[in-house]
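Written below as structure tokens is the structure these notes are about.
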Number of protein chains: 2
Amino acid sequence: MEETFRRSLYSELDDIDYGIVRALQENARLPFTTIAKELGVTEKTVRMRVQQMQDEGVLSLVGIVNPVKAGLNVQSFIQVAVEANKLDDVVATLNEIVEVRLIVLTTGDYQLIIQILVRNYEELAQFLMNKLNKVPGVTRVNVINELKILKSKYKFIR
Amino acid sequence: MEETFRRSLYSELDDIDYGIVRALQENARLPFTTIAKELGVTEKTVRMRVQQMQDEGVLSLVGIVNPVKAGLNVQSFIQVAVEANKLDDVVATLNEIVEVRLIVLTTGDYQLIIQILVRNYEELAQFLMNKLNKVPGVTRVNVINELKILKSKYKFIR
DNA sequence: ATACTATAATACGAATTCCGACAAATCGCA
DNA sequence: TGCGATTTGTCGGAATTCGTATTATAGTAT
């Protein structure tokens, strides 16, 4: 049998959780035994906490590729204006599109900001003409190309 | 002695690299032995490739916290217009500010888009008034609050 | 083509880590 | 206080990681 119990949904992270997160955001493969020693708890405790935080969407342990090194040379933010009553549908459609890595509901003149990754400008053009502008409910888009990423960090906890 | 050799800077990832990346972007803690079996190479090979890709900034294995679950409830994109000759200085200054998790040079009316994470609107106000607007060279800002993240994926490679 | 050098892959044993079952401790609450 | 549920600790076997030594491969100059 797997571990079936579950802590009541995380209201707040405690010191041990923060310790774990602080360690893993540096290096997702840090041994649980190391973290445990540092925090003064058992490896099993660390293991269970990590499992729970992952299960509840608090923590993700992922490998992130430098997009440019993987041939995804063109990255853009795109602001998208949407007819109010079509928002759900538009989001659902965008969700299925592989180029889209981020969809955020925002304040401002546009309802959404999305971020896309493509190999080159040809693909960007294809995406805009054949995909985004054909989604019913999209009324206006504002493309902001990313020329260079100057800082990008995933360490949110200090 | 550590592993001192180094592959000539990655021009392109080969099939094994892609296999490794594809596996790790799902789960950063997947055992190297598992990946190795899948790809038909040795565990040591996988281990060395991962090390190299990390050293060269191609791959990062990180734990990412859900900011809201960690009390960072307010997230914003901020477009920043900068005097042309002050761009370097502004970027250097923003780089040191803990709330700033992303700085991107962009096309469009503003030179930069930054993303910030703070605990609440009070902190956002403090950031805008006491930090961002006091950076010499910043002429205009456009704050776009993130109301809800509807999609966010780190799996760039398919 | 051959030899040479640097890099990469494999083989493999020892050390470490992970895993899961069970027991003990703690927490929440009636 | 007592009870049930959850969390933490203990511990031994299985799996993984790590480092060294060896072999293979690619690129280059002779």
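Chain identifiers are assigned alphabetically (A, B, ...) following the order of the sequence lines, protein sequences preceding nucleic acid strands; residue numbering begins at 1 within each chain.
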Under 4.0 angstrom between A/Gln52 side-chain N/O and D/dT7 OP1 or OP2: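 For D/dT7, OP1/OP2 do have a side-chain N/O of A/Gln52 under 4.0 Å.
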Below 4.0 Å: OP1/OP2 of D/dG9 and any side-chain N or O of A/Thr45: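 Result: yes.
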Taking only nitrogen or oxygen atoms into account, show me every contact under 3.5 Å that the protein makes with nucleotides 12-18 of chain C, one pair per line with its distance.
unit_1	atom_1	unit_2	atom_2	d
C/dT17	O5'	A/Thr33	OG1	3.2
C/dC18	OP1	A/Phe32	N	3.2
C/dC18	OP1	B/Arg29	NH2	2.8
C/dC18	OP2	A/Phe32	N	3.1
C/dC18	OP2	A/Thr33	N	3.3

Quick one: [X] [atom1] to [N] [atom2], roughly how many Å, whole number?
X       : N      : atom1 : atom2 : value
B/Leu61 : D/dT17 : CG    : P     : 12 Å
A/Arg49 : C/dT26 : CZ    : P     : 14 Å
A/Glu56 : D/dT7  : CD    : C1'   : 14 Å
A/Asp17 : D/dT8  : CG    : C1'   : 14 Å
A/Gln51 : C/dC19 : CD    : P     : 9 Å

NZ/B/Lys155: more than 12 non-hydrogen atoms of other groups inside 6.0 Å: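 Incorrect, the count does not exceed 12.
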Non-neighbouring partners of A/Lys153 that pass salt bridge (Lys or Arg N to Asp or Glu O under 4.0 Å), sequence neighbours left out: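 Checked A/Lys153 against salt bridge (Lys or Arg N to Asp or Glu O under 4.0 Å); zero matches.
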Residue A/Met48, side-chain atoms from C-beta onward, closest of C/dA8, D/dT8, D/dG9: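 Closest nucleotide among those given: D/dT8.
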Partner residues of B/Phe32 under the ring-ring contact (aromatic ring centres under 6.0 Å, His included) criterion, sequence neighbours left out: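 Once residues adjacent in sequence are excluded, B/Phe32 has no partner under the ring-ring contact (aromatic ring centres under 6.0 Å, His included) criterion.
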Face-on cation placement of A/Arg101 at B/Phe156 ring, 6.0 Å and 45° thresholds: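 No, a cation-pi geometry is absent between A/Arg101 and B/Phe156.
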Exercise: do A/Gln126 and A/Glu122 side chains pair donor with acceptor under 3.5 Å: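 Yes.
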Members besides A/Val68 in its Ile/Leu/Val/Met/Phe/Trp/Tyr cluster (side-chain heavy atoms under 4.5 Å):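 None, because no other hydrophobic side chain comes under 4.5 Å of this residue.
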ILVMFWY cluster membership beyond A/Val98 - transitive side-chain contacts under 4.5 angstrom: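 None; A/Val98 is a cluster of one.
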Qualifying residue for side-chain hydrogen bond (donor to acceptor under 3.5 Å, both in side chains) with A/Glu99, from A/Gln75, A/Gln115, A/Lys131: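 Exactly one pass, corresponding to A/Lys131.
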Terminal axis angle for the helix from C/dA1-D/dT30 to C/dA30-D/dT1, five pairs an end, nearest 10 degrees: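 The end-segment axes of the helix from C/dA1-D/dT30 to C/dA30-D/dT1 are tilted 40° relative to each other.
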A/Ile116/A/Leu124 under side chain to side chain contact (heavy atoms under 4.5 Å, CB included): CA gap, chis, key distance, verdict: CA-CA 9 Å; A/Ile116 67 157; A/Leu124 174 59; 3.5 Å; yes
